[in-house]
2 protein chains.
Amino acid sequence: MNKIESIGSIIRFHRKKAGLTQKQLATLAGVGKTAVFDIEKGKKTVRLNTLTTLLSILNIHLIVQSPLMDQYNHDEGNG
Amino acid sequence: MNKIESIGSIIRFHRKKAGLTQKQLATLAGVGKTAVFDIEKGKKTVRLNTLTTLLSILNIHLIVQSPLMDQYNHDEGNG
DNA sequence: GATATTTTACTGGTATACCGGTAAATAACG
DNA sequence: CGTTATTTACCGGTATACCAGTAAAATATC
């Protein structure tokens with residue numbers, strides 16, 4: 001039920017649960033500390049790959065939902 | 001069940017269902033045609049806000065999932 | 001309260017996302 | 001087929017994400 005708009009505070013929550021500082025997470029993800037700080041602060045203009053790298057380290061997944069997804073999934077040849 | 005990795009082809013599928021060309025979608029979203037083309041092609045280094053603008057127009061939603069999300073949601077004072 | 005750790009903030013430099021224009025492939029259609 | 005619409009590709013220019021330092025708040029630990 002959680003939306004992408006609150007991804008910053010979600011990342012912060014998971015990072016603390018993992019016992020990591022911003023810098024430690026940044027190093028694990030191979031990005032700068034500024035990127036972690038900016039994303040947790042709610043910056044929307046971050047790059048998708050920077051975000052997804054952090055998410056994968058924290059075991060957070062983004063799921064795509066829409067009324068047409070059933071059609072999409074039943075259709076062969078996607079991806 | 002669909003992951004963010006295939007967001008490009010998902011967007012393309014929804015755009016066609018909506019009867020829009022890349023340029024029409026770009027104009028609606030207030031972004032350049034290059035951005036739509038790149039995202040549909042699978043570019044991962046796009047900016048999050050560029051992506052989410054397209055998604056909202058096509059009525060596609062990104063949901064955040066993780067084993068710790070229950071804890072996060074029961075905790076007050078997030079956001 | 002003093003000290004150490006972490007977070008926040010600012011900076012100059014570099015890489016690149018994004019822009020609109022243009023043009024060549026590719027697809028749709030008579 | 002020929003014509004039109006769409007997609008793909010490339011371009012120079014501009015804006016900005018990101019980087020590593022540095023330093024000052026804020027927080028935690030003793």
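Because the structure is predicted, anything quoted here is derived from the model rather than measured.
Residue pairs that meet the salt bridge (charged side-chain N to carboxylate O under 4.0 Å, His left out) test with at least one member in residues 8-17 of chain A, sequence neighbours left out, are R12(A)-E40(A), R15(A)-E40(A).
The side chain to side chain contact (heavy atoms under 4.5 Å, CB included) test applied to K43(A) returns D38(A), T45(A), V46(A), not counting sequence neighbours. Scanning for side chain to side chain donor-acceptor pair (under 3.5 Å) contacts around T52(B) gives an empty result, with sequence neighbours left out. I57(B) is linked by a side chain to side chain contact (heavy atoms under 4.5 Å, CB included) to L25(B), L28(B), A29(B), counting only residues two or more places apart in sequence or in another chain. In this view, K23(A) and T21(A), T27(A) satisfy the side chain to side chain contact (heavy atoms under 4.5 Å, CB included) rule, not counting sequence neighbours. Judged as a side chain to side chain donor-acceptor pair (under 3.5 Å), and not counting sequence neighbours, R47(B) has no contacts. A search for side chain to side chain donor-acceptor pair (under 3.5 Å) contacts involving S66(B) returns H14(A), not counting sequence neighbours.
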Readout for nucleotides 5-13 of chain C: B = base within 4.0 Å of protein heavy atom, S = sugar-phosphate only, - = neither; 5' to 3' it is -SSBB----

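Recorded end-axis angle for the helix from dG1(C)-dC30(D) to dG30(C)-dC1(D) stands at 70°, based on five pairs per end and rounded to 10 degrees.
Here the closest non-hydrogen pair linking M69(B) and Q65(B) is CG-C, 4.0 Å.
Protein chain B contacts DNA chain D over a range whose 5' and 3' limits, counting nucleotides with an atom under 4.0 angstrom from a non-hydrogen atom, are dT6(D) to dA17(D).
Taking 4.5 Å as the limit, every side-chain heavy atom of T50(B) sits out of range of all side-chain heavy atoms of L48(A). You'll find the side chain of K41(A) reaches within 4.5 Å of the side chain of F37(A), heavy atoms only. Looking only at side-chain heavy atoms (C-beta outward), N59(B) and L68(A) stay at 4.5 Å or farther from each other.
Taking every heavy atom of residues 44-57 of chain B and every atom of DNA chain C, pairs under 4.0 Å involve T45(B), V46(B), R47(B), T50(B), by number.
Through direct or indirect side-chain contacts shorter than 4.5 Å among Ile, Leu, Val, Met, Phe, Trp and Tyr, I63(A) is connected to I63(B).
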